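Worksheet: the structure to be examined is printed underneath.
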Amino acid sequence: METSYIVLKNLFLTCPIEFHQNELICILNFNLELTVSTKDSDQHVTHMADCQKFIRFFAIGKDSDVKFIAQWIISQSHGLLDLTNYSQIEECLFYLIQCGLSSNSVHNIHDDDFLNTCASHQEMSDLSKMSFYFNLLYEGIQQKVLASGLILELARQPDNLLILGQNDTLIGALSRVLRDDWAKSLELASNIIYIFFCFSSFHCFHSIITNYKIGALCIQIIQKNITS
């Protein structure tokens, strides 16, 4: 009988909002509290982890709509930020403009153009497209790199880990690709190892690491790289 899980999560910022010194990225440092329990039992397990979220924006200059960009950052924070953070974000954006961080090619960008710019630079991964990503893992190296990168984007969001971790077929395919193709693409190997690293951050997913012998495989990869 399949076990049903109840997952409660609590997110809260642990540091002031930061902006990257050389890139147009807003950095959010937060703590994730994940409580996992079953419907048939009062027992529960709580895990906590320090996490980071990166929100990239692609246009800023002296003629940019700073208010809209601040609203965009808040909308992409998945609840970590709200309107109480608006003035702080706006102040940081004005500071970035004064420091000349923006590109020389930046022009006046209106709301719709700014959204289109973001969409054109970022492939949004989607849990509903998991079967498509899975099929790509059985194609060529370029397709495997693409699939692993999209799955990684999902794994970097802790609230997706339970769904991904319950997909034994997907986990098996990732471990197989890592074992068979790690030497063919550094990016592919890095993506898949990072995916398993996301699982390793929570004790309830450690069985995935041990069952598929990911630790031993990583050591083997390191040893082969050292001796090659």
Side-chain angles (χ1 to χ4, degrees), residues 7-37 44-62 64-103 106 109 114-115 117-119 121-127 149-165 190-206 208-209:
V7 180
L8 300 176
K9 68 173 182 176
N10 185 26
L11 308 176
F12 53 92
L13 291 175
T14 55
C15 296
I17 302 170
E18 300 177 358
F19 283 82
H20 196 280
Q21 294 182 350
N22 302 313
E23 300 289 342
L24 297 177
I25 297 175
C26 175
I27 305 172
L28 304 179
N29 296 282
F30 65 98
N31 185 274
L32 170 67
E33 182 180 83
L34 189 67
T35 302
V36 182
S37 61
H44 63 273
V45 179
T46 300
H47 304 278
M48 300 186 68
D50 294 323
C51 305
Q52 278 189 326
K53 181 174 181 60
F54 299 93
I55 303 175
R56 181 181 293 275
F57 50 102
F58 295 94
I60 188 170
K62 62 180 181 179
S64 295
D65 188 342
V66 174
K67 292 184 178 180
F68 174 74
I69 298 175
Q71 293 171 354
W72 164 264
I73 292 174
I74 292 174
S75 70
Q76 297 301 303
S77 70
H78 298 291
L80 285 168
L81 303 175
D82 56 32
L83 291 178
T84 62
N85 305 110
Y86 179 84
S87 60
Q88 181 185 358
I89 298 172
E90 191 176 39
E91 181 179 347
C92 290
L93 291 173
F94 279 121
Y95 176 77
L96 292 178
I97 294 174
Q98 293 175 358
C99 291
L101 178 59
S102 55
S103 169
V106 170
I109 294 183
F114 180 75
L115 288 173
T117 303
C118 292
H121 283 80
Q122 184 177 12
E123 174 67 44
M124 299 298 293
S125 53
D126 189 341
L127 278 173
L150 292 169
I151 296 170
L152 173 59
E153 288 303 311
L154 292 173
R156 292 177 64 182
Q157 300 295 326
D159 49 334
N160 293 330
L161 288 177
L162 187 63
I163 297 175
L164 296 176
S190 299
N191 285 346
I192 298 178
I193 290 174
Y194 197 168
I195 291 171
F196 285 113
F197 170 76
C198 293
F199 283 112
S200 72
S201 299
F202 298 93
H203 185 269
C204 58
F205 299 119
H206 284 185
I208 293 176
I209 308 300

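In this text the structure is predicted, and so the values were computed from the model without any measurement.
- Using a 4.5 Å heavy-atom threshold, the side chains of Gln76 and Cys26 count as separate.
- Atoms CG and CD, from Leu164 and Gln157 in turn, are 11.0 Å apart once rounded to the nearest 0.5 Å.
- Of all the heavy atoms in Phe12 and Leu80, the pair that sits closest is N-CD2, 4.4 Å.
- With rounding to the nearest 0.5 angstrom, the OG atom of Ser200 is 11.5 Å from the CD1 atom of Ile193.
- Around atom CD of Gln88, more than 12 heavy atoms belonging to other residues, nucleotides or ligands sit under 6.0 Å away.
- Atom-to-atom distance recorded for Leu161:CG and Leu154:CG is 9.5 Å, nearest 0.5 angstrom.
- Using a 4.5 Å cut-off on side-chain heavy atoms (C-beta onward), Leu13 and Leu81 make contact.
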Start with the C-alpha gap between Ser77 and Leu28, add the side-chain angles, then the distance that decides, and say whether side chain to side chain contact (heavy atoms under 4.5 Å, CB included) holds. CA-CA 8 Å; Ser77 70; Leu28 304 179; 3.9 Å; yes
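- The shortest non-hydrogen separation linking Gly165 to Ile208 is CA-CD1, 3.7 Å.
- In this structure, SG in Cys204 is found 7.5 Å from CG in Leu162, a value given to the nearest 0.5 Å.
- Between Ile74 and Asp82, the closest heavy-atom pair is CD1-O, 3.5 Å.
- Note: Leu150 CG to Asn191 CG = 9.5 Å, rounded to the nearest 0.5 Å.
- More than 12 non-hydrogen atoms from other residues, nucleotides or ligands lie less than 6.0 angstrom from CZ of Phe30.
- Rounded to the nearest 0.5 angstrom, Ile69 CD1 and Ile97 CD1 are separated by 6.5 Å.
- Residues that satisfy the side-chain contact (heavy atoms from CB on, under 4.5 Å) test with Asn29, not counting sequence neighbours, are Thr14, Cys15, Glu18, Ile27, Gln52.
- Looking at residues two or more places apart in sequence or on another chain, you find a ring-ring contact (aromatic ring centres under 6.0 Å, His included) between Phe199 and Phe205.
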